[in-house]
Amino acid sequence: MKRILVLTSGGDAPGMNAAIRAITLAARVKGHIVYGAIGGYQGVIDNNIKELTASDVEGIINQGGTIIKSSRCPEFMTEVGFNKAVKNLKQNKIDYVVVLGGDGSLHGAQALMNVGINVLFLPCTIDNDLAYTKQTIGFDTALNTITSLLGNVRDTSASHDRVCVVEVMGRECGDLAVYSGMCSGAEVILVPEIKTERSSIMQKVKQSVNTGEKCVLVVVAEGYGTAESVRDEIKKALNIDAKAMNLGYVQRGGSPTVADRLVATIMGYKAVELICGNKSGFALCGAFNDVSKIEISKAINQKDKFDKTNYAINNIISV
Ligand code: ADP
Ligand code: F6P
């Protein structure tokens, strides 16, 4: 029997609950006990740890967010905070920590691994900014949500012959902008990975307006800049009206899609399989139903998986 601690860290992501459920149920079947640290690394520092039972995870596979809460925890990055967390893990006789989170959380997992704690990692972030895995849990749901919202924006903008600039999340990664923009027929997509001259943005918008397009949709990744700043430049350069909006936190909530539930469930199950085999120091990776593992030390060093080809496709067909 092993004592497994699960924690969700960083921005929450749809599918975290599905993963928590899979870990809890699979561990139970194999005779292990699962605990949840409430609020990510902060919960470990504060010793806010609760057992997770089958009834705790009942009916959560379709719920967005995370039932064990998440946080950004700067204290964990201090020596004092980190040592407190390690001490609590030892006092609670935790055999394994399973971290669910994004890039920052992966670094936290590595820090625990480096002091001899058994750690596994599941990639959970809407940003899709972990280069080591094809899919991060939460990305597909956020993509669907954003694409649906961009469709609404297009409907109303087309009714008023408007230019609309929409900012989407993603931190320093343009994937949410590229793929939601592609699936919404965006005329312009602006991402941090590609340097776009202001003059070429204006030229594209002008061309779209001149060819009589009813709606000109500009999707801006937050890592590129704000919707307001791009809107202001369009208004100034082209002397036309334009609207700006930041989609905000609606992008991060919502019931996970099938793709996210599936990969979360399989990764959660495989994490327990690794625990049963006494394996640690791995990050789960893959997409949909094709899941495997990679050493955390290798996963952490992979950078920049931005797909310029997909970005180019939209550029070619958008005007
Ligand atoms: P995400 O995991 O979604 O990228 P953050 O970057 O906010 O979100 O990271 C989540 C938490 O992971 C941080 O609040 C911190 O507690 C921990 N963390 C981030 N970077 C490190 C690091 N270099 N070393 C140890 N812990 C880290
Ligand atoms: O990492 C997920 C994310 O939603 C990013 O896209 C965004 O920049 C950030 O989290 C917002 O975080 P917070 O909830 O701390 O404002």
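Values below: all heavy atoms of this structure, side chains included; hydrogens, waters and symmetry mates excluded. Whatever order the structure lists them in is the order used to number ligands and atoms, beginning at 1.
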> Going hydrophobic residue to hydrophobic residue with side-chain gaps under 4.5 angstrom, can you get from F282 over to V34?
Replying inline: yes
Is [X] close to ligand 1, meaning an N/O of one under 3.5 Å from an N/O of the other?
| X | result |
| --- | --- |
| S105 | yes |
| T125 | no |
| F76 | no |
| G104 | yes |
| Y41 | no |
| M77 | no |

>> Taking only non-hydrogen atoms of R171, do any sit less than 4.0 angstrom from ligand 1?
In response: yes
> Is any side-chain N of the basic residue among R154 and E187 closer than 4.0 Å to the acidic one's carboxylate O?
Replying inline: yes
>> Regarding atom 15 (O) of ligand 2: of the candidates Q251, E222, R72, which has the closest heavy atom?
In response: R72
>> Please compare G10, G108, P74 and report which has the shortest non-hydrogen distance to atom 25 (C) of ligand 1.
In response: G108
> At the 4.0 Å heavy-atom cut-off, does G170 count as touching ligand 2?
Replying inline: yes
>> Checking a contact table here: which protein heavy atom is nearest atom 16 (O) of ligand 1, and how many Å away?
In response: C73 O, 2.7 Å
> Among protein heavy atoms, which sits nearest to atom 22 (C) of ligand 1, and what does the distance come to when rounded to 0.1 Å?
Replying inline: H107 CB, 3.5 Å
>> At less than 4.0 angstrom from any non-hydrogen atom of S9, what atoms of ligand 1 do you find?
In response: 10 (C), 11 (C), 12 (O)
>> Is any side-chain heavy atom of L120 closer than 4.5 Å to one of V99?
In response: no
> Closest heavy-atom contact between V44 and A37?
Replying inline: CG2-CB, 3.8 Å
> Which class fits the ring pair F139 and Y179: parallel under 30°, tilted 30 to 60°, perpendicular over 60°?
Replying inline: perpendicular
> Are there more than 12 heavy atoms of other residues, nucleotides or ligands under 6.0 Å from atom CG of N239?
Replying inline: no
